[in-house]
There are 2 protein chains.
Amino acid sequence: MDASDGTSAEPARVQARNTKRAPRRTQSASMADVARVAGVSSQTVSRVSNGFPGVNEETRRQVLAAMKELGYRPNSAARALKRGEFRTIGVITFGLSTTGNVRTLEAIATSAAQEGYSVTLLPVAVPTQDEVRGAFSRLGELAVDAVIVILEVHLLDASTLSMPPHVQVVVADSDAGDRYTVVDTDQAGGTRTAVQHLLDLGHRTVWHLAGPEGSYAAQRRTDAWRAELLAADRTAPPLVRGDWSAESGYRAGLRIAALPDCTAVFVANDQMALGLLRALHERGRRVPEDVSVIGFDDIPEAGSFLPPLTTVHQDFAEVGRLCVEGVLRQMRQDATEHGTTLVPTRLVVRQSTAPPRSR
Amino acid sequence: MDASDGTSAEPARVQARNTKRAPRRTQSASMADVARVAGVSSQTVSRVSNGFPGVNEETRRQVLAAMKELGYRPNSAARALKRGEFRTIGVITFGLSTTGNVRTLEAIATSAAQEGYSVTLLPVAVPTQDEVRGAFSRLGELAVDAVIVILEVHLLDASTLSMPPHVQVVVADSDAGDRYTVVDTDQAGGTRTAVQHLLDLGHRTVWHLAGPEGSYAAQRRTDAWRAELLAADRTAPPLVRGDWSAESGYRAGLRIAALPDCTAVFVANDQMALGLLRALHERGRRVPEDVSVIGFDDIPEAGSFLPPLTTVHQDFAEVGRLCVEGVLRQMRQDATEHGTTLVPTRLVVRQSTAPPRSR
DNA sequence: GATATGGATGTTTGCGTAAACATCGGGGCG
DNA sequence: CGCCCCGATGTTTACGCAAACATCCATATC
């Protein structure tokens with residue numbers, strides 16, 4: 001009604017802007033602003049911004065100059081809305097307390113960045129069904145195109161988990177291979193090499209300090225340990241359990257130290273091995289002379305334990321990389337063929353294992 | 001111009017939809033879809049979705065039912081576009097290799113979640129100026145309202161870093177207090193209690209195994225160590241440097257073990273202390289009888305070292321929490337009053353420190 | 001010289017949401 | 001009885017971007 005005075009439509013629009021939006025216009029420049037400064041249409045700005053062809057070199061330069069002058073940054077919300085994708089991967093994980101989770105997460109972030117994706121963290125406070133379900137449902141309104149779940153616990157009951165449609169999932173460290181794409185360390189293989197290493201050294205049998213119940217990784221290492229002993233025709237000693245922490249390893253170690261016929265222990269992770277070493281030391285049982293100890297993970301500190309720990313090296317970086325790769329592949333070819341990818345391990349022999357004392 | 005045949009505007013619109021968008025319509029339901037099913041306008045759906053008042057209870061129930069039926073999830077991109085905020089905090093960090101960074105990150109994620117914010121990870125591959133600058137510039141087109149920087153290195157040269165306007169910054173572990181809001185552990189205070197503890201035990205002086213050059217935290221611990229010795233009128237022995245890793249602690253430890261008059265070492269972090277313990281053990285120097293060792297961080301494993309490590313406990317959770325709090329406060333009251341908040345430490349005395357042998 | 005060709009650029013439109021404004025019926029009050 | 005007000009709901013519009021389509025002009029071709 002009052003725009004009639006304008007000679008062209010443009011000034012009127014500017015007018016309207018200034019009238020109302022001035023206070024909020026302090027934000028950042030939009031494509032339209034850049035277009036105005038560069039003297040082109042916003043579409044041309046868009047083309048330059050996305051590196052599309054069909055823009056004259058001279059024009060492109062002008063647009064770039066205008067962008068720089070205004071400090072233009074594409075608005076990712078608008079972009080996401082238009083394109084229908086966020087270029088973001090969500091990672092659901094329970095705590096960042098375990099080395100493995102963190103290292104995997106790190107690799108995921110790095111790989112994702114290389115592919116132009118960013119990573120949004122979805123921490124689950126307590127690993128209960130409800131919490132996990134909560135994380136998944138929050139997910140729905142989150143700006144993510146895909147999700148990677150790093151949850152080793154037995155809580156992925158798919159029946160109760162509602163995944164937002166069209167959000168691809170890859171699971172690290174689980175056994176949901178029939179429903180999701182799973183990437184995991186070759187737990188069984190790693191365990192085999194560990195147990196075999198000890199048997200090869202001449203130990204009659206191998207004890208096992210296991211991880212907590214309810215953990216897939218712990219479960220699988222325990223199963224493989226038992227199977228391997230069985231295959232070698234040895235008797236599996238009773239299971240000793242910890243909760244992954246060094247402290248729990250120490251407590252378990254005090255019990256193990258009291259067993260005179262225990263000469264070799266396969267520990268489900270390096271932290272517990274650290275605690276075990278301490279307990280054995282305190283009780284005067286020498287490692288590796290009296291007892292051989294082998295860990296799992298190969299955390300950076302393992303080489304500095306007393307004595308340096310023989311352990312099974314996990315390639316977390318590769319696991320993370322494969323998770324990202326899997327998720328992206330699924331997104332691109334909407335193919336929902338699940339399956340499990342196993343990442344091989346490597347035995348790192350240091351000084352905590354040796355042949356048993358001949359008696 | 002051709003919508004005139006419709007009795008009302010609605011059918012025409014539905015028509016248009018079906019014509020074109022059918023293939024892609026597999027996505028998820030929009031507010032309009034919910035509105036149609038519930039027999040209300042999309043605005044009413046919006047009101048329900050945002051928990052606004054002024055909606056009849058009966059209507060609300062119908063809308064909620066429709067939402068459930070269609071599995072409706074608000075589109076966060078559209079929401080962000082409209083509202084002008086993403087409800088997301090970006091975290092720039094160099095690697096997740098150090099315990100401190102990880103624990104801080106975890107606390108940030110948790111605190112942020114409580115405030116309804118999510119956290120996007122921005123890993124910096126190599127801590128070079130260029131890399132950091134790159135991360136910051138990528139940031140511009142990222143969907144974040146604020147940024148928390150966890151970068152202990154001397155790379156925050158503000159002059160070369162262009163922060164997108166209206167993105168608030170909080171820095172953990174730095175000295176940029178004049179330009180940014182900084183939250184950090186009280187490095188100096190922690191160092192003081194550590195050095196004081198050793199002096200109180202009767203040690204003549206305290207050696208220092210420092211972190212890498214270029215690290216703010218290392219720098220400050222070193223400075224405080226020297227200052228504290230000076231204040232107590234002791235001579236500061238030559239500095240020994242590591243790079244935070246256990247391995248570097250071991251190498252430095254071999255040199256320290258060769259110093260007969262060294263009775264007490266303040267190590268800049270627990271990992272290096274682990275390596276030092278190993279070196280001392282190998283060289284037959286007993287801890288704490290011959291040499292007292294004190295660490296910094298109090299990583300979960302510190303209590304399981306041989307011997308259990310006396311160390312300075314850092315409250316990473318609090319640091320993370322304060323970072324989020326600071327960032328949110330800045331966002332809300334656009335106040336740009338900077339300053340540094342120090343989180344106190346706590347000395348945890350275990351078994352790696354003792355009075356020097358009287359000779 | 002008329003017509004096709006194609007590169008460079010502009011215009012229109014809609015993504016899903018929510019603010020701003022419009023409408024509509026009924027109850028209170030002069 | 002008529003007016004106003006208010007609660008409940010609907011309609012319009014713009015957020016910033018980019019796909020689809022439209023336009024324009026210069027050069028090549030017959």
Side-chain angles (χ1 to χ4, degrees), chain A residues 8-10 13 16-17 19-21 23-25 27-36 38-63 67 70 72-87 140-141 143, chain B residues 1 3 8-10 13 16-17 19-21 23-25 27-36 38-63 67 70 72-87 140-141 143:
Chain A
S8 82
E10 228 177 326
R13 195 166 173 220
R17 291 211 143 192
T19 318
K20 278 200 124 157
R21 194 103 355 74
R24 233 209 145 185
R25 224 38 348 244
Q27 296 283 11
S28 44
S30 75
M31 274 194 358
D33 300 323
V34 175
R36 207 171 309 122
V40 298
S41 78
S42 66
Q43 184 53 221
T44 300
V45 177
S46 169
R47 282 191 268 256
V48 172
S49 172
N50 290 303
F52 282 1
V55 179
N56 186 294
E57 197 46 49
E58 177 58 24
T59 313
R60 178 185 304 275
R61 249 198 306 278
Q62 283 179 6
V63 171
M67 280 180 174
L70 296 176
Y72 169 75
R73 304 271 170 203
N75 178 317
S76 61
R79 211 168 238 191
L81 177 58
K82 193 77 185 55
R83 301 215 259 230
E85 61 163 22
F86 302 97
R87 310 228 90 205
E141 41 193 283
Chain B
M1 47 165 92
S8 80
E10 230 176 326
R13 194 164 173 223
R17 291 211 144 198
T19 318
K20 274 199 129 158
R21 195 106 349 75
R24 235 208 144 186
R25 241 355 33 224
Q27 296 283 11
S28 44
S30 75
M31 276 194 0
D33 300 322
V34 175
R36 205 171 311 124
V40 299
S41 78
S42 67
Q43 184 54 220
T44 300
V45 177
S46 170
R47 282 191 267 257
V48 172
S49 173
N50 290 303
F52 283 178
V55 178
N56 186 293
E57 197 47 49
E58 176 58 24
T59 313
R60 177 185 306 276
R61 247 197 308 279
Q62 283 178 4
V63 172
M67 280 180 175
L70 296 176
Y72 168 77
R73 303 272 168 204
N75 177 318
S76 61
R79 215 168 233 194
L81 176 58
K82 192 77 180 88
R83 301 215 260 229
E85 60 161 24
F86 303 96
R87 310 229 91 205
E141 40 195 284

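Every chain is numbered from 1 and lettered A, B, ... according to where its sequence line falls, protein lines coming before strand lines.
In this structure, the nucleotide among D:dC17, C:dT17, D:dG10 sitting nearest to the side chain of A:Ala78 is D:dC17. The side chain of A:Thr59 has C:dA8 as its nearest neighbour among C:dA8, C:dG16, D:dC17. In this structure, the nucleotide among D:dA19, C:dT17, C:dG10 sitting nearest to the side chain of B:Ser30 is C:dT17. The side chain of A:Lys82 lies closest to D:dA18 when the candidates are C:dA18, D:dG10, D:dA18. Considering only the side chain of B:Asn56, D:dA8 comes nearest among D:dG16, D:dA8, C:dG10.
In this model, the phosphate group of D:dG16 is not approached by any side-chain N or O of A:Ser46 to a distance below 4.0 Å at OP1 or OP2. Proximity of B:Arg83 to the phosphate of C:dA18: a side-chain N or O atom is located under 4.0 Å from OP1 or OP2. The phosphate of C:dG10 (OP1 or OP2) has a side-chain N or O of A:Thr44 nearer than 4.0 angstrom. Between A:Asn50 and D:dA18 there is a side-chain polar atom (N or O) within less than 4.0 angstrom of OP1 or OP2. An OP1 or OP2 oxygen of C:dG16 is reached within less than 4.0 angstrom by no side-chain nitrogen or oxygen of B:Arg79. Considering only side-chain N and O atoms, B:Ser42 lies nowhere under 4.0 angstrom from the phosphate OP1 or OP2 of D:dG10. Remark: A:Arg47 is not in phosphate contact with D:dA18, judged by side-chain N or O atoms under 4.0 Å from OP1 or OP2.
Sequence order on DNA chain C of the closest nucleotides to A:Pro53 and B:Ser76 puts A:Pro53 first from the 5' end. Projected onto DNA chain D by closest heavy-atom contact, A:Gln43 and B:Arg60 fall at different nucleotides, the more 5' of which corresponds to B:Arg60.
A straight line from CZ of B:Phe86 to P of D:dC15 spans 15 Å, rounded to a whole angstrom. When rounded to the nearest whole Å, the span between CE of A:Met31 and C1' of C:dT9 equals 13 Å. Residue A:Glu85 contributes atom CD, which lies 13 Å from atom C1' of D:dA18 at whole-angstrom precision. Taking atom CZ of residue A:Arg73 and atom C1' of nucleotide D:dC17, one finds them 17 Å apart after rounding to whole Å. Going from atom CZ of B:Arg36 over to atom P of C:dG16 covers 11 Å, rounded to whole Å. As a whole-Å value, the separation of B:Phe52 CZ from D:dA8 C1' is 16 Å. Look at CG on A:Leu81: it is 4 Å from C1' on C:dC15, rounded to the nearest Å. Rounded to whole angstrom, the span from the CD atom of A:Gln62 across to the P atom of C:dA8 amounts to 15 Å.
Contacts of A:Val45 with the nucleic acid, taken as non-hydrogen atoms under 4.0 Å apart, are absent.
In the model, B:Arg47 has no side-chain atom that pairs as donor or acceptor with a side-chain atom of B:Thr59 under 3.5 Å.
Side-chain atoms of A:Gln62 and A:Asn56, non-hydrogen and from C-beta on, never get closer than 4.5 Å to each other.
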